[in-house]
Every structure is written in structure tokens, then in C-alpha cells.
Amino acid sequence: MSGDRTDTELFDAYYFSHGCGRPYRRDKEWLEFFGSIADRIVSDIQPKTVLDAGCAMGFLVEALRERGVEAYGIDISEYAIDRVHEDVKEYCWVGSVTDPLPQSYDLIVCIEVLEHLQPGESQQAIANLCGHTDDILFSSTPYDYGEATHFNVQPPEYWAESLARLSYYRDVDFDASFITPWAARFRKRKESLSRLIREYERRYWELWKENSDLRVATVEMRNQLASHEETIKDRSALAEENRQRAEDLSAHLNSVLSSPSWRLMEKVQQMRLFVLPQGSRRERLFLPGLNRKPPR
């Protein structure tokens, strides 16, 4: 997404080729990404009118209009707006997110835009957007300091505080991670501070409990894995011991079979069988003990 600077040429072909993680252009991956966002907006929020503040090449505007939403887009980059699809070009225009907007909207989407503004400008933009909607779907990277046009990278609480000054608070029950892990939905609220604290505390407890349970499960799995590894180690040691014993017995047997005494015994046995064939009369005469019956 492009942001807002006086020098509109800052967001030119080079920026869209190198400043968005991967080349930002009309391809299957980008269209599917914004299509999935449009699906969630339509199913979960159901707005009739939407403004994409920082629309770049208008992919989200296009996707929303394909789904029957009256969507519009504004972006500071002439390069990007020139590349908006002809079907939605009349609904997108070059402009700053700090400029007055032509109307109010059920929802304003602002994805990876405000970090491109100077701090003072970003606060002007927030006030401007809040003046034209009660519902903002917001995302601003909390860590990408390396991108040359990121002039105001801030953690999520910075933006939450800025919006709270204007009575816009996070919808704690809305999961906006289908956009980015740090995305959130902020809505204008008229409830008392105590009611808002109650909601935040409820959600904090749910997340804390989930995190605690995951930690316990992780420790249990780690212990089970360690026990399993110990069992495998014991079995491996036993298998190695049995293998070594088998090798020793085999070596001993080979030693016995190759010894002179064993060869002599083999020759004596061969001579015995030749002189006294097994089961023969001579065997019974010379070895009468073989014919004796056991005592009763």
C-alpha cells in the first residue's frame, strides 16, 4: 500500500517493485489476497459504502464492487491510480488521506498507510478518517523500519491511543488477522469508560487463559517427549548391548569351530560313524548302553 507524502513521485514504479515486500502488480496472488479481504468485509461487517484510504492500484475497491459494495479509493500515487482497472477507475482518485473527503462511509479501510506519513501528518489523517466514518479497519506495520518510505513506524498501542482520543476503540471481538497479524477494527463508542474497561478486561482474561493453557500443554508435551526420548535411549542401549553380546557369541563360536580340538573331534566323529553307523548292529554290539531300557 502506498501512503501520503507531498512528493507524490516517491511512490513510483521503483517503490511498487521493491517497497511492498514483493512486486506490487496485478497478479493472481495480490488479487486473491484482496479478494479474501473483501469476502471477510462483506460477510463480517456488511457495509454498504467503503473507502479504501491508500488504495494503491485499487485491488480492494475492485474486489468489493464485484461483491456489490459501493467502494471507493484514494491514493497519493499517480503511478498507482493510473493502473487502476478500467472498471473501477472512476471510483478511485489521486489525493491525500489528510485532504477533506467527499462523503461519509460505513467503513474506511486503511491498510499499511499511516507509517508512510510524518507523525504530524498521521495524526491529521486519523482525525480526517474519523470525521467520515464510525468504523475503521486499520493496519500499520509495527516493525518494518528498513523501508525507505516508512517515516513513522509505531507499535499497535500508539495507533490505539491516537484513535482512543477521538473515542474510537478496538472491537475486541473482531479478529482482523486475515489482513495482518497486527490489524484491528476500531469503532466509535459512546459507552462509559467502565463498560469499555470491562470489555478489555474480559478479552484480556480470555487471551491470558488461552496463553496459560498453551504453556501448560507445551510443558506437558515437552516432558512426554523427554520421557519418550529417554525410553528410546534405554531401548537403544539395550539393543546395543544385545548386539554386542551376539557379536561376542558369534566370535566365540567361530573361534571354537576353527580350533584344532574341534577339527579333531569332527574327524573322530566321522570315523565313529564310518566304523559304527548310527542304528547299525555294530553300534548296538559295541555300544550296548544305547539299547538299555530305562528302569521302572
Side-chain angles (χ1 to χ4, degrees), residues 1-42 47-103 105-118 121-122 125 128-129 132-133 136-141 144 146-153 176 178-180 183:
M1 291 289 181
S2 73
D4 190 348
R5 285 283 288 168
T6 302
D7 183 5
T8 62
E9 293 185 0
L10 187 63
F11 302 99
D12 55 8
Y14 182 86
Y15 168 78
F16 285 99
S17 293
H18 301 90
C20 303
R22 66 180 188 83
Y24 190 95
R25 58 195 177 198
R26 188 180 185 82
D27 60 25
K28 181 180 179 182
E29 192 169 350
W30 280 116
L31 292 175
E32 287 182 349
F33 173 69
F34 285 104
S36 67
I37 294 177
D39 285 336
R40 291 295 299 273
I41 288 174
V42 170
K48 292 182 179 179
T49 58
V50 174
L51 173 69
D52 185 4
C55 68
M57 299 178 188
F59 298 148
L60 182 58
V61 175
E62 183 180 343
L64 287 168
R65 284 198 165 261
E66 287 174 350
R67 291 157 176 78
V69 179
E70 187 180 332
Y72 303 88
I74 180 174
D75 199 279
I76 196 67
S77 171
E78 293 181 2
Y79 174 86
I81 294 298
D82 283 345
R83 283 155 181 78
V84 172
H85 194 275
E86 289 297 328
D87 291 347
V88 296
K89 205 155 197 173
E90 63 180 299
Y91 307 112
C92 299
W93 65 93
V94 176
S96 167
V97 292
T98 61
D99 292 341
L101 299 174
Q103 67 177 77
Y105 306 89
D106 295 332
L107 175 71
I108 290 181
V109 180
C110 187
I111 302 176
E112 305 303 296
V113 176
L114 296 194
E115 68 271 16
H116 295 281
L117 279 66
Q118 297 293 344
E121 292 176 314
S122 69
N128 189 38
L129 299 180
H132 292 83
T133 189
I136 298 177
L137 198 53
F138 181 83
S139 175
S140 180
T141 180
D144 189 1
E147 211 287 302
T149 65
H150 284 180
F151 305 111
N152 191 29
V153 175
F178 59 88
I179 299 175
T180 64

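Computed over heavy atoms, backbone and side chain alike; hydrogens, waters and symmetry mates excluded.
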Worksheet item: side chain to side chain contact (heavy atoms under 4.5 Å, CB included) between T133 and L51: does it pass, once the steps are laid out?
Response: CA-CA 9 Å; T133 189; L51 173 69; over 6 Å; no
Do the non-hydrogen side-chain atoms of [X] and [Y] ever get within less than 4.5 Å of each other?
X    : Y    : answer
V69  : V42  : yes
V50  : V61  : no
L60  : V109 : yes
W93  : I81  : no
I74  : C55  : no
Y15  : E147 : yes
N152 : Q118 : no
L117 : V97  : yes

Measure across [X] and [Y] and return the closest heavy-atom pair with its distance rounded to 0.1 Å.
X    : Y   : value
A125 : T98 : N-CG2, 3.9 Å
R67  : A38 : CD-CB, 3.7 Å
A80  : D75 : CB-OD1, 4.4 Å

Are any side-chain N or O atoms of [X] and backbone N or O atoms of [Y], one a donor and one an acceptor, separated by less than 3.5 Å?
X    : Y    : answer
H116 : T149 : yes
T49  : D106 : yes
R40  : S36  : no

Measure the spacing between [atom1] of [X] and [atom2] of [Y] and express it to the nearest 0.5 Å.
X    : Y    : atom1 : atom2 : result
D52  : I111 : CG    : CD1   : 6.0 Å
T141 : L114 : OG1   : CG    : 12.5 Å
L64  : I37  : CG    : CD1   : 9.5 Å
H85  : Y91  : NE2   : OH    : 13.0 Å
L137 : C110 : CG    : SG    : 9.5 Å
D99  : I76  : CG    : CD1   : 7.0 Å

For [Y], does the six-membered ring have the charged nitrogen or CZ of [X] within the cation-pi criterion, i.e. under 6.0 angstrom from the centroid and within 45° of the normal?
X   : Y   : answer
R26 : F59 : no
R65 : Y72 : yes
R22 : Y24 : no

Discussion item. Set out, in order, the CA-CA distance, both residues' side-chain angles and the distance that settles side chain to side chain contact (heavy atoms under 4.5 Å, CB included) for S122 and F151, then state yes or no.
Written reply: CA-CA 10 Å; S122 69; F151 305 111; over 6 Å; no
Worksheet item: Are there more than 12 heavy atoms of other residues, nucleotides or ligands under 6.0 Å from atom CD of E29?
Response: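 Not buried by this count: 12 neighbours or fewer within 6.0 Å.
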Worksheet item: Could you walk me through whether E115 and S140 pass the side chain to side chain donor-acceptor pair (under 3.5 Å) check?
Response: CA-CA 6 Å; E115 68 271 16; S140 180; 2.7 Å; yes
Worksheet item: Is there a side chain to side chain contact (heavy atoms under 4.5 Å, CB included) between M57 and W30 once you walk through the steps?
Response: CA-CA 11 Å; M57 299 178 188; W30 280 116; over 6 Å; no
Practice prompt. Kindly write out the residues that satisfy ring-ring contact (aromatic ring centres under 6.0 Å, His included) with Y105, not counting sequence neighbours, or none if the list is empty.
Written response: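 ring-ring contact (aromatic ring centres under 6.0 Å, His included) check on Y105 returns nothing, list empty.
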Practice prompt. Take I41 and L107, measure what side chain to side chain contact (heavy atoms under 4.5 Å, CB included) needs, and give me the verdict at the end.
Written response: CA-CA 9 Å; I41 288 174; L107 175 71; 3.8 Å; yes
Worksheet item: Which residues satisfy the side-chain contact (heavy atoms from CB on, under 4.5 Å) test with D82, sequence neighbours excluded?
Response: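 For D82 there are no side-chain contact (heavy atoms from CB on, under 4.5 Å) partners, ignoring immediate neighbours.
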Item to complete: State which residues pass side-chain contact (heavy atoms from CB on, under 4.5 Å) with N128; sequence neighbours excluded, sorted by chain then number.
Response: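 Partners of N128 under the side-chain contact (heavy atoms from CB on, under 4.5 Å) test: L101, H132.
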Worksheet item: Under 6.0 Å between ring centres, would you say that holds for F11 and Y79?
Response: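 Ring centres of Y79 and F11 not closer than 6.0 Å.
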